[in-house]
Amino acid sequence: MQAAWLLGALVVPQLLGCGHGARGPGREWEGGWGGALEEERKRESLMLKEALGLLTGVGNKDSLPGNPEDERVWGTTESQGEEEDEEATTAPTSSPSPSPSPSPTPEDTITYILGRLAGLDAGLHQLHVRLHALDTRVVQLTQGLRQLRDVTSDTRDSLQALKEAQLRAEQEHGRLEGCLKGLRLGHKCFLLSRDFETQAAAQARCKARGGSLAQPADRQQMNAIGRYLHAALAPYNWPVWLGVNDRRSEGLYLFENGQRVSFFAWHRAPSPEPGAHPSAASHPLSPDQPNGGVLENCVAQASDDGSWWDHDCERRLYFICEFPF
């Protein structure tokens with residue numbers, strides 16, 4: 001391209017000069033028309049030089065030094081190119097087509113896999129750290145649970161001991177109350193309760209207070225209990241539970257402690273008046289006792305005369321407790 005530029009620079013002036021010399025004689029007699037032709041030739045020469053400069057700038061930007069005309073042409077060409085680039089940049093694009101993404105190379109694939117493996121390794125390390133912390137927490141909770149169980153066991157033992165102490169205190173209180181408020185006979189104390197209870201419930205309440213239902217050991221104690229009940233409940237007649245029953249076998253009367261009863265004070269119908277004919281039928285209001293059979297297996301003592309009556313064990317009556325002294 002430089003050779004073509006040099007050739008153009010040498011040949012074009014010669015052509016222009018030859019043309020000028022050939023047309024010299026004619027110019028003198030052509031008059032005014034000769035000046036116009038000369039101006040036209042200058043204009044064509046300038047246009048040709050500019051065209052050659054553009055071609056040379058496109059082929060090689062490094063123009064030869066020492067030629068001011070070429071530098072001017074090249075500067076004009078660069079300015080025009082920059083203006084065209086700016087116009088192309090500022091001009092709105094209608095619909096730019098997306099450039100296709102480059103295909104991944106094997107090195108990119110390996111780098112991606114290594115990056116993912118590094119991320120997984122970091123995540124696994126975090127999981128190990130959290131698992132270790134969780135194991136430590138589990139050990140701490142296990143130790144705390146063991147300590148809590150020990151404390152609970154100690155508390156349970158203390159509570160059981162407290163309940164036993166409370167039971168002993170209630171029993172001692174009941175025994176002292178029975179002996180202070182009730183009837184004392186030898187090494188026993190008897191106390192009447194005016195609460196209505198079944199025979200089993202009455203026995204449970206006496207036991208909770210440190211005693212049991214009254215178990216007169218002989219007739220002397222039975223008569224003393226009769227006088228105590230009569231004085232406490234007069235002028236009314238109330239049956240009061242004793243600790244005597246024949247639940248185990250009909251007709252076999254036992255105390256609550258399992259000992260067999262050796263004496264009885266059953267109620268008997270009143271004897272007929274003198275001169276009246278004896279009757280085999282018992283009195284309807286006060287029949288001979290016991291008369292309940294298997295339906296009445298518990299014994300109560302009447303408060304008016306101290307006699308024994310058999311009753312249904314589920315009947316709710318007063319009861320009398322005895323306590324050791």
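Values below: all heavy atoms of this structure, side chains included; hydrogens, waters and symmetry mates excluded.
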Tell me if a side-chain donor or acceptor on [X] pairs with a main-chain N or O of [Y] at a distance below 3.5 Å.
X	Y	value
Ser303	Trp238	yes
Asp246	Gly251	yes
Ser249	Leu252	no
Asp121	Leu117	no
Gln203	Glu256	no
Arg205	Ser212	no
Asn237	Asp304	yes

Got a second to check how far [X]'s [atom1] is from [Y]'s [atom2], nearest 0.5 Å?
X	Y	atom1	atom2	result
Gln166	Leu159	CD	CG	9.5 Å
Gln143	Gln140	CD	CD	7.5 Å
Thr152	Leu145	OG1	CG	8.5 Å
Leu191	Leu176	CG	CG	12.0 Å
Trp309	Asp288	CH2	CG	9.5 Å
Leu167	Lys207	CG	NZ	9.5 Å

Open item on the list: Under 4.0 Å between a side-chain nitrogen and a carboxylate oxygen: does that hold for Glu177 and Arg209?
Closed with: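 A salt bridge is present here (some side-chain N lies under 4.0 Å from a carboxylate O).
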
Does the side chain of [X] pick up a donor-acceptor pair with the side chain of [Y] at under 3.5 Å?
X	Y	result
Asp150	Ser153	no
Gln221	Glu322	no
Arg247	Gln199	yes

Take atom [atom1] of [X] as the centre, draw a 6.0 Å sphere, and report whether it contains more than 12 heavy atoms from other residues, nucleotides or ligands.
X	atom1	value
Tyr236	OH	no
Tyr112	OH	no
Gln220	CD	no

For residues [X] and [Y], determine if any side-chain heavy atom of one lies less than 4.5 Å from a side-chain heavy atom of the other.
X	Y	answer
Leu192	Leu233	yes
Thr105	Asp108	yes
Val244	Gln215	no
Glu296	Asn291	yes

Which atom pair, heavy atoms only, marks the closest approach of [X] to [Y]?
X	Y	result
Cys313	Thr198	O-CB, 3.7 Å
Ala214	Ile225	CB-CD1, 4.3 Å
Ala265	Gly306	CB-O, 4.5 Å
His311	Ala300	CD2-CB, 3.6 Å
Pro216	Phe255	O-CZ, 3.3 Å
Ser193	Tyr318	O-CB, 3.6 Å

Task: Remaining members of hydrophobic cluster (4.5 Å side-chain criterion), Leu213 - done: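 Leu213 clusters with Trp241, Leu317, Phe319.
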
Open item on the list: Using the ring centroid of each side chain, check whether Tyr228 and Phe190 are separated by less than 6.0 Å.
Closed with: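 Between Phe190 and Tyr228, which both carry aromatic rings, the centre distance is not below 6.0 Å.
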
Let me check something: do [X] and [Y] share a hydrophobic cluster, defined by ILVMFWY side-chain heavy atoms less than 4.5 Å apart, either directly or through other members?
X	Y	value
Val240	Phe264	yes
Leu124	Leu134	no
Ile320	Leu254	no

Open item on the list: Run Trp308 and Tyr253 through ring pair (Phe, Tyr, Trp, His ring centres under 6.0 Å) and show every step you take.
Closed with: CA-CA 12 Å; Trp308 290 9; Tyr253 289 91; 8.1 Å; no

